[in-house]
Amino acid sequence: MPTPYLLALVELEEGGRILARLADDDESEPSIGDKVVFSGLSDTGPVFRMF
Amino acid sequence: MRGVSIIGAGITPFGVRSESLVALGAIACKNALEDAGLAPERIEAFFLGNFAGHAFVGQNHVAPMVAHAAGLGAVPCTRLEGACASGGLALRQGVLAVASGQVDFALIAGVEKMTSAETDETASILAAAGDVAVEASVGSTFPALFGLISRRHMHEHGTTREEIAHVAVKNHAHGRLNPNAHMQKDVTLPQVLDAKPVAEPLGLFDCSLISDGAAAVVLCPSETASAHHGKPVEVLASAQASDSPALSDKRDITSFYATQKAGEEAFSQAGLSREDVDLAEIHDCFTMAEIIALEDLGFFAKGEGGRGAVEGMTKLGGAMPVNTSGGLKSKGHPVGATGVAQIHELTLQLRGEAGARQVPGAGVGLAHNLGGSGATCAVHILGSTC
């Protein structure tokens, strides 16, 4: 798996939490409390991107 | 249930070792038996902590192999696997076997041989101690999980990067005094803070070591312990608890419920308070893990565990030294051996035999052994009899 990559514990609006990848094509630095949206599925499961 | 005491302790040096997995285990067992002055034929049960013998070196069914190599008879041999808490679980089963009266002499060991695997492979093997389906599958390793935990602790409780780094500085200073430690050298605060990132905010010196090694102890009933060793060490409490393996299932990732529960149970069994503990061996698989454990065990209020190393309370010479052995951070972390190695260190300390790292007047010691990201925890409290 190419490094580095971003992982986040994502709290879903529908309830529950999942560990998922954050798309790293965004230049902003993610931090706790930032909103993310579902971006799609990859070989490693769901990927989110910054809202 | 009757009282149980430790009458012998043995260990191998931790690090990159040329001996096989089985040979390492046998060396530690023989050292413990020699320390106890007990012939191997006297042992009636053997419990071995080993996490991943097959994955690391292609060997399963390790308990009878180590027992045979150590010269034990045809006794029950049982391997315990609870990730990094495998050694603690093995000790607890031995304590129960002696306490219940089922056996009079039990040998407990822990062993792992990790350095013959490539680092990527090792990370993958260790990741299987987490929930593979929901964590490892998305690329999570244990440094990544503890990186997330660290970020959240800093966010919620104001713990600083410097406080976390001080744990590494402290434990390396202790490990420098331990001739069996894997990395017997000091590290400075700038070295820790400027080290290569592994999983931010954690860098190279925030992570425990990939090591080979083994440790063992001999148990017998307390009522006969002094006949076998001049300084037996009494097991005052043996507790174990569990929690969900995946971070996403935990109510709070800045605390480990299994540690809280096992800690409460241990203090209840021992009839002691936190103030009674003179030293502790804490599962510092990552620097932040020590801070969280000190909070979960009730030695510090939530969010204040970082003060321990910064203000010197957990250093040698402080109010309650933590990880005088160097901890997983400096002594090394051969996974299956770690829980038993913690007991080995406390045994030396409580017998007054820890040399340059001796805690003066040590009377009560606590060992905290964590598996995975908090799914399994064993807590033992030991007391000096000399």
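Below, chains carry the letters A, B, ... as their sequence lines are ordered, and counting in each starts from 1. In what follows, every heavy atom counts, from backbone to side chain, and hydrogens, waters and symmetry copies are set aside.
- Ionic pairing of B:Arg161 and B:Asp206 is present here: one or more N-O contacts between side-chain nitrogen and carboxylate oxygen are shorter than 4.0 angstrom.
- Ion pairing between B:Arg307 and B:Glu304 holds under the 4.0 Å rule for side-chain N and carboxylate O.
- Of the charged side-chain nitrogens involved, at least one lies within less than 4.0 Å of a carboxylate oxygen, so that B:Glu290 and B:Lys170 count as a salt-bridged pair.
- Residues B:His368 and B:Cys377 have side chains in contact (heavy-atom distance under 4.5 Å, counting atoms from C-beta outward).
- When heavy atoms are compared at a cutoff of 4.5 Å, B:Ser137 approaches chain A solely by way of its backbone atoms N, CA, C and O.
- The most heavy-atom pairs under 4.5 Å with chain B, out of A:Leu9, A:Ile32, A:Thr3, come from A:Ile32.
- When heavy atoms are compared at a cutoff of 4.5 Å, A:Ile18 approaches chain B solely by way of its backbone atoms N, CA, C and O.
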